[in-house]
J.: 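Handing you a structure now.
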Amino acid sequence: MSVCRIFAFRSHPIQLELLFELAISNAQEGHKVIIHWGGEDVFFNDIYKGRISNLWGRPFYRMYSKVREKGLDISLDDVWLKTRFDAHPIIDAQADSVFDYYNLKFEEYEMGTAAISSCTDIFGVDVTALEVNDVKAFFNMVMSSNVNVNQTAKKFLRKNHTDKVLVFNGRFGAEAAVADAAKSCSVPCFFYEWIANTGYICWPFQIHNIRGVRGVIADFWATGSQRQNTETARAWLDERRKSTSFKLWENSDTQTSFEKIEDRTAFLAVNKLPNNYFVFFQSSDDEVNGVSAFARGVFPWKSQLEFVENLVRALPDDATLVLRLHPNMQDKKEIDTQRWHRLASRFDKIIFFDERSTIDSYSLSEHAAKVLCFGSTIGGEALYLGTPVLSGSRAYYEDAQGYVELQSYRHTIESLYSKIEVQQDSVLPWAYFRAAFTGIEPGSFVATGKYDVEFEGVNYWKGILTNRSKK
C-alpha cells in the first residue's frame, strides 16, 4: 500500500484544517496516511512566543478525533520530532547583514532563506532591512530549530518507507526543512496551499516556483476553447483597467479608491507628470524578500530599494522616475514604508506617489514610456496596455513579448532607452489563468479567512482566537 506522510506544524487554522482535508482525500484514494504533527522542537514555543501556542494543539486533536471516526486509514505520529536538548543542533551563524543569511546552508538545506521567510512572517516586516545585531540571536534560534527538523526528517524518511510527502507551501522554516529532507531522500514532495475564495492546490512544486507555475499556465491555456479563453482573459483585464477601487487583501475590509482620468493630457496635468517618464511599481517588501529562491532568481541587487536607488543614480539628468508604492503598504509596518519615503525625498528625479495616493496605477502605466517592477501583477497588466515591462525579478508572465528580465544596472539603462516591441495578446495565457483557474473544492471545511474556518460545520478555534472568530 502506498504511504502518504503529511508533515504539519502549528500554524494558521486554515492550514491545519486543510491538512485534514488532504488526509481524508488521500485515504479515500487508497493511500495509508500518516500525519506527522510537529512543533515539539525545544525552541519552537520560544520562537513563536504564544503566537502559535500550545493551546492550538487542542483543536488539532479534536479534529483528528473527528476524522478518525470516518474509519479511514489515517493515523497520527506526534512524537517523531522530539529531540533531547543535548542532542539538538545549535547554529551560531555570523553575518554582516540579514541579507547575508540567504547564503547560509546546512548541507544542501537553504536554512538562511527559510529563516528569512519564517522571520518575515513572524515579525510582519521585511527582515532584511533590520539591523543584524538586533535579530541575530533570534535567527540563530530559528535556524537551530529548522536544522533539527531537517536532520530528524532525513533520518526518519531513510528508515521508514514513504511514497510521497506533503507539506504546506514549502518556503517557511520547518516546511522547507522537510521538503529538503524529502528531496535528499528521493521522495516526491507535494506542496499544498489555500487559494482565497477558490479552493486549494497540491502541486509537486512550490507556488512560487516560476517554472512550475508557467507550466500550469500553459496547460490551462491549452484546454477548452481558445476563443472563449481569450474573451475571458480580456474581460478580466478590462474589468481591472476600468475599476475605481479594490480591497487591499482578499478578505480585507480596507478598500482603496483611485481617480480615473481617461484623457492623457489631463492625466499628466492633474498629476504634474512630464510628457515622458518611467514608472517603478513597488511590491510589498516583506513579500518580495520572504518568498523562496525560485522567485528571487540571481540578480545583482539585494532588494527593490537598492535597485531603485542605484537606478536613479544611473539615470540621465533629464530623466524622470515615478515611484508608486503599492496601496497595501497601508497595512504594513511603518519601518517598511518610511524607507521609501526617505529615499524619494533624496532625489529630484523621483516623483513620488505613496501608499495612500489615489492616482490610477493603470493610467500611470499606460502613459509611461516603460514600466519597471519586481514581477508584480501590474507588470502583466501594463503589457496588455501596450507598455514594455522591465522586471528586476522573475515573473509568471515572463514569456510575454515586451517583457524584459533585467540582468544588471547597465542592462536596465540600455533597456529603458531601447525600442521594445509589445505583443499585447501574448500576456493573455497568464491573464486567463488569473481569471479562471480554481483550486480543488474542499469537501470538509469552509474558510472565509485564514483564522475564520469551520471544519464540517464546527469552528474549532472559537475561544482560542475569539477576536477572529465569527460573531
Side-chain angles (χ1 to χ4, degrees), residues 2-40 48 50-78 121 164-170 172 174-175 190-203 207 247-255 436-471:
S2 175
V3 178
C4 170
R5 301 184 187 275
I6 307 176
F7 288 83
F9 302 84
R10 294 191 180 99
S11 193
H12 299 303
I14 197 170
Q15 297 167 16
L16 294 183
E17 301 204 11
L18 179 52
L19 146 74
F20 288 106
E21 176 80 24
L22 287 160
I24 292 169
S25 63
N26 275 272
Q28 289 175 337
E29 291 172 3
H31 300 286
K32 177 181 177 61
V33 177
I34 305 173
I35 300 170
H36 298 278
W37 173 235
E40 293 78 9
Y48 287 93
R51 183 170 179 267
I52 304 175
S53 72
N54 284 325
L55 289 175
W56 288 44
R58 186 172 66 191
F60 174 87
Y61 285 110
R62 288 175 64 195
M63 280 186 283
Y64 173 67
S65 296
K66 190 168 185 176
V67 169
R68 286 287 292 167
E69 293 174 358
K70 297 179 179 295
L72 298 170
D73 194 354
I74 300 174
S75 58
L76 175 65
D77 174 7
D78 57 0
D121 183 59
K164 69 175 179 178
V165 162
L166 272 64
V167 297
F168 174 77
N169 190 287
F172 299 105
E175 291 86 351
F190 292 79
F191 304 88
Y192 59 91
E193 180 76 77
W194 175 254
I195 304 176
N197 303 320
T198 62
Y200 68 90
I201 58 171
C202 190
W203 290 340
I207 195 171
K247 290 184 177 182
L248 296 187
W249 308 102
E250 292 283 355
N251 298 300
S252 172
D253 293 327
T254 306
Q255 189 155 308
F437 181 82
T438 57
I440 303 168
E441 185 69 25
S444 301
F445 76 95
V446 175
T448 56
K450 63 184 178 183
Y451 294 103
D452 198 2
V453 191
E454 291 184 354
F455 187 80
E456 296 190 343
V458 179
N459 186 335
Y460 285 90
W461 308 92
K462 229 167 189 177
I464 295 176
L465 303 173
T466 305
N467 62 321
R468 297 185 184 274
S469 298
K470 288 185 176 179
K471 304 299 183 184

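Counting begins at 1 with the first residue of the sequence. Worth knowing before you read on, the calculation uses all heavy atoms, side chains too, and leaves out hydrogens, waters and symmetry mates.
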J.: Going by side chain to side chain donor-acceptor pair (under 3.5 Å), name the residues that satisfy it together with Gln28, two or more places apart in sequence or in a different chain.
T.: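 Scan of Gln28 (side chain to side chain donor-acceptor pair (under 3.5 Å), adjacent residues dropped) gives none.
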J.: Could you walk me through whether Ile207 and Ile201 pass the side-chain contact (heavy atoms from CB on, under 4.5 Å) test, one step at a time?
T.: CA-CA 9 Å; Ile207 195 171; Ile201 58 171; 3.8 Å; yes
J.: Exactly one of Tyr192, Phe7, Phe191 should register a side chain to side chain contact (heavy atoms under 4.5 Å, CB included) with Phe168. Which one does?
T.: Tyr192
J.: Got Ile24 and Leu72 here, is their nearest side-chain heavy-atom distance under 4.5 Å?
T.: yes
J.: Please walk me through it: do Leu76 and Trp37 pass side-chain contact (heavy atoms from CB on, under 4.5 Å)?
T.: CA-CA 7 Å; Leu76 175 65; Trp37 173 235; 3.8 Å; yes
J.: Atom CZ of Arg5 and atom CD1 of Ile34: how far apart are they, to the nearest 0.5 Å?
T.: 4.0 Å
J.: Could you pull out the closest heavy-atom pair between Trp461 and Val453, with the gap in Å?
T.: CD1-O, 4.2 Å
J.: Give a yes/no verdict on a cation-pi contact between Lys66 and Phe455, requiring under 6.0 Å between NZ or CZ and the six-membered ring centre and an angle within 45° of the axis.
T.: no
J.: Before you tell me yes or no, could you show the steps for Ile14 and Leu18 under side-chain contact (heavy atoms from CB on, under 4.5 Å), namely the whole-Å CA-CA distance, both residues' side-chain angles and the distance that decides it to 0.1 Å?
T.: CA-CA 6 Å; Ile14 197 170; Leu18 179 52; 5.7 Å; no
J.: Does the side chain of Phe172 come within less than 4.5 Å of Asp121's, by heavy atoms?
T.: yes
J.: Which heavy atom of Trp194 sits nearest to which heavy atom of Gly199, and what is that distance?
T.: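 Heavy-atom minimum between the residues: CE3-O, 3.3 Å.
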J.: Using the salt bridge (charged side-chain N to carboxylate O under 4.0 Å, His left out) rule, collect all pairs that involve residues 16-35, keeping only residues at least two apart or in two chains.
T.: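 Those involving residues 16-35 are Lys32-Asp73.
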J.: Looking at CG of Leu16 and CZ of Phe445, how far apart are the two atoms once the value is rounded to the nearest 0.5 Å?
T.: 10.5 Å
J.: Any side-chain heavy atom of Lys164 within less than 4.5 Å of one from His31?
T.: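 They are in side-chain contact.
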J.: What orientation do Phe20 and Phe60 show, parallel under 30°, tilted 30 to 60°, or perpendicular over 60°?
T.: tilted
J.: Which heavy-atom pair separates Phe190 from Cys202 by the least distance, and what is that distance?
T.: CB-SG, 3.8 Å
J.: Determine, step by step, whether Val167 and Val165 satisfy the side-chain contact (heavy atoms from CB on, under 4.5 Å) criterion, reporting the C-alpha distance in whole Å, the side-chain angles of both residues, the deciding distance to 0.1 Å, and the verdict.
T.: CA-CA 7 Å; Val167 297; Val165 162; 4.1 Å; yes
J.: For the residue pair Ile74 and Ala23, what are the closest heavy atoms and their distance?
T.: CD1-O, 3.6 Å
J.: I need the minimum non-hydrogen distance between Leu166 and Cys4, along with the two atoms involved.
T.: CD1-SG, 3.7 Å
J.: Given Asn169, which of Glu193, Glu175, Gln15 fulfils the side-chain hydrogen bond (donor to acceptor under 3.5 Å, both in side chains) condition?
T.: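 Of the listed options, the one satisfying the test is Glu193.
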